[in-house]
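See below for the structure under consideration.
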Amino acid sequence: MNITFYKNTDEVASFPKNLSDGYWVTGTLRSECDVLNPIIEFSGFNPALEYNYAYIEEFRRYYFITSSNAVRENITEITFHVDVLQTYANELLNHKAFINRATNVKNPYIIDDYAPLKPDYERSYIQILGDSGDKTLRKPTVSASATDETAMRVIITAAGTPHKE
Amino acid sequence: MLINSNAISGNTYAISLTTWESLRQYLWSQKNVFEDWFDLNLTPSALLVSAYILPFRLTSITSKGFSLTSNLYMGYKNLADAEYQTPSGNKTHFNISSCYWLNRSSGDLVETEVASYTYLGNGYIDEFNELPTISSYRLFAPFFGYINIDFIEYIKGFQVKYFCDFSTGTLSINIYSNLGIPKTKFIEGKLIYTESREVGIPLIISGGDRGAMRDKQMGIVNTVGSTISGVGQAVAMLAPSLTAKGVGLGLSVLGMGVSATSSATSSKVSNTGSQTYVKHTTRNPSTGRQITAKTTSIDYSPSERSEERQYEGTRTFTNIGSSINSAVNSLHDLSQISANVQATNVFQVFDIWNSPMEMFIEKVTPTFAVDYQSLAEYSGRPARDVYKLEDLRGYVNVGMIHLNIDCTHSEIVEISELLESGVIINSNAPDIIVNPYEVTSTTSE
């Protein structure tokens, strides 16, 4: 049996993990073993002192070291638990899923009720200038001066018959 | 002439439009009052039904002169005349013009439809904070003030049109929705807003009871003429002048001249022997009563004002004791109706054109009260859509996934539980990706 031990610093529920400093050991499996939660005794070596993660080649799975027990002198019992995310990372990454939340996704149509909000008042003016189909419109000019007393502004309505030329 | 009518109250009656036409025919078909004006010896102002000044110029209007008689020319040429579309010919009618579109771009009034303001909105909603419940979209339209624009209409764009019926001085505004594709072409849709408002400022010609005013005026003239014939030529000249020019117009001029005096206040001067008294009357605006405030000698002191007299005017008289001042004071009484319309009012209305038409957008934008970037790193942003996991980075919370992996059942269950409780994906996915089906913007928080 070939086991590679790692020092894992990534979060437990993360994948793919950045594993480095692998330490490879080999041995013989002497008793029955649960593939998902193997318990293996190591003689003269306590991997839990330096490592927290492992890959068992025969099981083709990555494992967390969950506990270590000193059974007797020079014998240490290590309990593993399969890391399903790391083991099946490639398959998972090719999957599609309905995502509730994600760090690098932004949907502008959804108000994030996780974050507390405060009101920010914004006022803006858009000047409407004329008719040309976009915002670059004609600017109105006021040709009728307020003091122009000769302009045709006074309307009178007279009684009687219409004026004859 | 007996007309078919229904009495409403007092001397108010309801008649049909047909009956009204008949009544109008009867009233105005007897004589051509323009030609017979001076023979009738009526006040010229009675010929003018209304007069007001518009806050814009009139152009492109058929030139027709308007005169009371051939030798008494009134007003300007080119005034609007007889544009009213009579239902049938040979009817006497008032000078009423049809409706015109107002060319706002030049501030003039023209016959053809020109004035339209098209605002094509953004065409899409790119921020959740533009929801109408927390934002307001208002259009400032000259003469009409702020008009609430529906959020959807704002997004689609809309069109504003003015038109003016200058026979009544009424300006209307119509706003149409846009049925076109946003940001391309405006296609006029349904009328979503309309409002009419009188913008013509009335120019007072005479009081409502012209006959009573004329009689009173003529009485004053006769009295003055008979009692002060020896005083001088001034009053003697005043009487025929008033008679010729018309009482109403004369009063109007006087009214403007004393505009500094409170319209609710009057003062009369009487001469009793060698002592001159001033009788002060005033109107309490809270009660509307015209009261005699005090009768004083000419050394009236403002410090003696009572509560009622606080509204008293400050006009002074320089020739107390002369009969001509009695006439002037009486004219002042009659002219009180016209003291409120002054040129400054009109010019203030003109200034409205200097206010541009514009959208006034007020957003109450929700902003994060926390460091949202940090929050998003820990708990992600709301996605609510389907993504491939290799496109995601950082915290990912899976709502539903259909796993197709060659592994044990307990491993499938564990994977599902982990994904639905939230995992960290260490990938090289881009920092921010937006909804793949609605790629609009990448605005940051």
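Computed from a prediction, not measured in an experiment: that's the story for all the values here. Each chain gets a letter, A, B and so on, in the order the sequences are listed, and its residues count up from 1.
Sparse packing is recorded around OH of Y378(B), with 12 or fewer heavy atoms of other residues, nucleotides or ligands lying under 6.0 Å away. Atom CD of E41(A) is surrounded by more than 12 heavy atoms from other residues, nucleotides or ligands within 6.0 Å.
Most heavy-atom pairs under 4.5 Å with chain A: of the set I412(B), V370(B), I415(B), L375(B), this distinction falls to I415(B). Put simply, of G394(B), P382(B), G399(B), the one with the most heavy-atom pairs under 4.5 Å next to chain A is P382(B). In terms of non-hydrogen atom pairs under 4.5 Å with chain A, the most contact-rich of S421(B), P430(B), G422(B), S427(B) is P430(B). Between chain B and the residues V12(A), D113(A), N100(A), V82(A), the largest count of heavy-atom pairs under 4.5 Å involves N100(A). Among D391(B), N404(B), T408(B), the residue with the largest count of heavy-atom pairs under 4.5 Å with chain A is N404(B).
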Check the pair R381(B) / V105(A) against side chain to side chain contact (heavy atoms under 4.5 Å, CB included), numbers first and verdict last. CA-CA 6 Å; R381(B) 297 177 174 85; V105(A) 166; 5.7 Å; no
Do F15(A) and V423(B) pass the side chain to side chain contact (heavy atoms under 4.5 Å, CB included) test, and can you show the C-alpha distance, the side-chain angles, and the key distance before you say yes or no? CA-CA 8 Å; F15(A) 68 99; V423(B) 297; 3.9 Å; yes
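Side chain of T103(A) to backbone of A376(B): a donor-acceptor contact under 3.5 angstrom is found. Distance alone, capped at 3.5 Å, places no donor-acceptor pair between the N426(B) side chain and the K17(A) backbone.
Considering every non-hydrogen atom in both A97(A) and L389(B), the closest pair reads CB-CD2, 4.3 Å. Minimum interatomic distance between L93(A) and K388(B) (heavy atoms only, all atoms of both residues): O-CG, 3.8 Å. Summarising the geometry of I405(B) relative to H95(A), their closest heavy-atom pair is CG1-CE1, 3.8 Å, with the distance given to 0.1 Å.
If you check the side chains of D406(B) and Y88(A), you find no donor sitting under 3.5 Å from an acceptor.
Checking each of L419(B), L392(B), D385(B) against I99(A) for a side-chain contact (heavy atoms from CB on, under 4.5 Å) leaves exactly one that passes, namely L392(B).
Atom SG of C407(B) and atom CZ of R60(A) lie 12.5 Å apart (nearest 0.5 Å). The line from CG of D112(A) to OH of Y372(B) is 3.5 Å long, rounded to the nearest 0.5 Å. For the atom pair CD (E390(B)) and NZ (K96(A)), the distance works out to 10.5 Å, reported to the nearest 0.5 Å.
Considering only heavy atoms from C-beta on, S14(A) stays 4.5 Å or farther from I425(B) through its side chain.
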